[in-house]
**Student:** 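Sharing a structure with you now.
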Amino acid sequence: MKFNPPLIGVTTSIQSKTNSYCLRHEYITAVRLAGGLPMLIPPGEPNLNSILEWVDGIIFSGGGDLDPATYNGGEHPEIYNVNRERDRFELSLAKYALETDIPILGICRGLEVLVVASGGKLIPHLPDVFGEKVIHRQTQSCPVEHSINIIPGTHLAKIIGAGETTVFSWHHQAARNIPKGWRLAATAADGVIEALEHEEHPWAFAIQWHPEMSLNDKRQQRIFRAFINTAQQRQVMVSQQAS
Ligand SMILES: [Mn+2]
């Protein structure tokens with residue numbers, strides 16, 4: 001029996017000004033380096049069921065802020081690039097995907113989507129709550145590096161090892177709480193939630209930093225390897241069940 005590379009759906013943003021769907025190329029490169037075949041999933045795909053029948057894994061990518069109305073939050077002057085169409089689409093897809101056993105990786109905004117889809121809330125602007133002990137983005141358009149601590153005993157620690165590591169960070173929001181069904185996997189030195197892993201879903205991780213930007217960091221790329229290996233195993237399992 002011949003198996004194809006795992007098909008990895010990756011969500012995209014909408015840029016109305018340029019009439020485009022957009023995704024930074026590092027997401028594609030990271031998926032390819034780990035042996036996956038990337039497929040873009042722009043907002044608006046009407047049949048969520050057909051997406052989840054085809055893909056072997058799904059990445060919720062980074063981007064602008066969620067509309068605070070999606071988590072009963074208030075407006076904040078620092079909230080930017082809200083796109084309600086993308087929010088609606090990704091929140092529905094996330095809720096649906098969490099009910100399947102399809103491997104899920106949320107990155108940055110993707111963590112925020114998974115948190116809100118699971119009934120959690122976000123902090124609208126980190127400096128208001130955590131001050132500036134750790135800088136989580138250089139500017140709105142420029143990332144920064146900071147260290148994070150991966151909690152021993154977590155699934156994430158099994159993949160990339162426990163303890164401190166330096167990551168690319170490009171966010172000004174974060175999970176306010178750990179939503180039901182998830183547990184804490186990593187924090188920054190200021191206490192900001194930097195990673196969550198699902199307690200019941202077989203492979204669902206939500207990561208606030210950008211592992212796809214550390215393409216030369218073998219430790220960070222293990223996240224994509226583990227994700228795509230799991231997607232591959234599931235693909236084999238599903239096709240055996242079908243035959
Ligand atoms: Mn950060």
Side-chain angles (χ1 to χ4, degrees), residues 11 13 23-24 26-27 30 59-66 68 71 73 76-82 90 94 104-118 120-152 154-157 159-179 182-198 204-224 226-227:
T11 64
S13 67
L23 180 75
R24 289 185 62 93
E26 293 94 338
Y27 289 97
I59 294 178
F60 290 90
S61 63
D65 294 333
L66 282 151
Y71 49 93
H76 190 289
E78 290 287 337
I79 289 177
Y80 74 108
N81 269 358
V82 169
E90 290 188 350
I104 300 168
L105 178 58
I107 294 177
C108 198
R109 169 194 162 90
L111 171 143
E112 295 160 10
V113 166
L114 290 166
V115 162
V116 173
S118 304
K121 285 177 173 271
L122 305 180
I123 296 167
H125 189 56
L126 286 175
D128 293 352
V129 179
F130 288 92
E132 299 197 324
K133 187 182 165 202
V134 175
I135 303 295
H136 289 272
R137 70 176 183 193
Q138 193 88 252
T139 61
Q140 199 172 294
S141 55
C142 189
V144 73
E145 284 181 284
H146 71 65
S147 111
I148 52 147
N149 185 44
I150 295 155
I151 298 167
T154 56
H155 296 305
L156 188 63
I159 295 169
I160 59 171
E164 281 203 16
T165 188
T166 300
V167 296
F168 279 105
S169 176
W170 197 355
H171 61 116
H172 76 111
Q173 303 194 327
R176 182 179 289 282
N177 51 340
I178 301 166
W182 294 82
R183 69 173 174 188
L184 189 62
T187 53
D190 54 4
V192 165
I193 293 172
E194 287 279 349
L196 296 165
E197 55 190 33
H198 206 277
F205 290 84
I207 291 175
Q208 188 71 70
W209 70 87
H210 285 274
E212 82 287 359
M213 294 182 76
S214 302
L215 287 167
N216 295 320
D217 180 338
K218 289 206 173 78
R219 196 173 169 192
Q220 288 297 313
Q221 293 318 303
R222 273 191 242 153
I223 296 170
F224 291 99
F227 170 56

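Start at 1 and go down the list; that is how both ligands and their atoms are numbered.
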**Student:** Please determine whether side-chain hydrogen bond (donor to acceptor under 3.5 Å, both in side chains) holds for the pair His76 and Asp128, giving the CA-CA distance in whole Å, both sets of side-chain angles, and the decisive distance to 0.1 Å.
**Tutor:** CA-CA 11 Å; His76 190 289; Asp128 293 352; 2.6 Å; yes

**Student:** Taking the Mn ion (ligand 1) as the vertex, what is the angle from NE2 of His146 to NE2 of His171, given to 10 degrees?
**Tutor:** 160°

**Student:** Please confirm if an N, O or S atom belonging to Gln208, backbone or side chain, lies less than 2.8 Å from the Mn ion (ligand 1).
**Tutor:** no

**Student:** For residues 160-167, please give each side-chain donor-acceptor pair under 3.5 Å, one per line with the distance, not counting sequence neighbours.
**Tutor:**
{"unit_1": "Glu164", "atom_1": "OE1", "unit_2": "Ser147", "atom_2": "OG", "d": "3.3"}

**Student:** Suppose we only allow N, O or S atoms; which atom of His136 ends up nearest to the Mn ion (ligand 1)?
**Tutor:** ND1

**Student:** Looking only at heavy atoms, what is the nearest atom pair of Val192 and Ala174, with distance?
**Tutor:** CG1-CB, 3.8 Å

**Student:** Suppose we only allow N, O or S atoms; which atom of Glu194 ends up nearest to the Mn ion (ligand 1)?
**Tutor:** OE2

**Student:** I'd like to know whether Glu90 forms a salt bridge (charged side-chain N to carboxylate O under 4.0 Å, His left out) with Arg109, so could you lay out the CA-CA distance, the side-chain angles of the two residues, the decisive distance to 0.1 Å, and finally the verdict.
**Tutor:** CA-CA 10 Å; Glu90 290 188 350; Arg109 169 194 162 90; 3.0 Å; yes

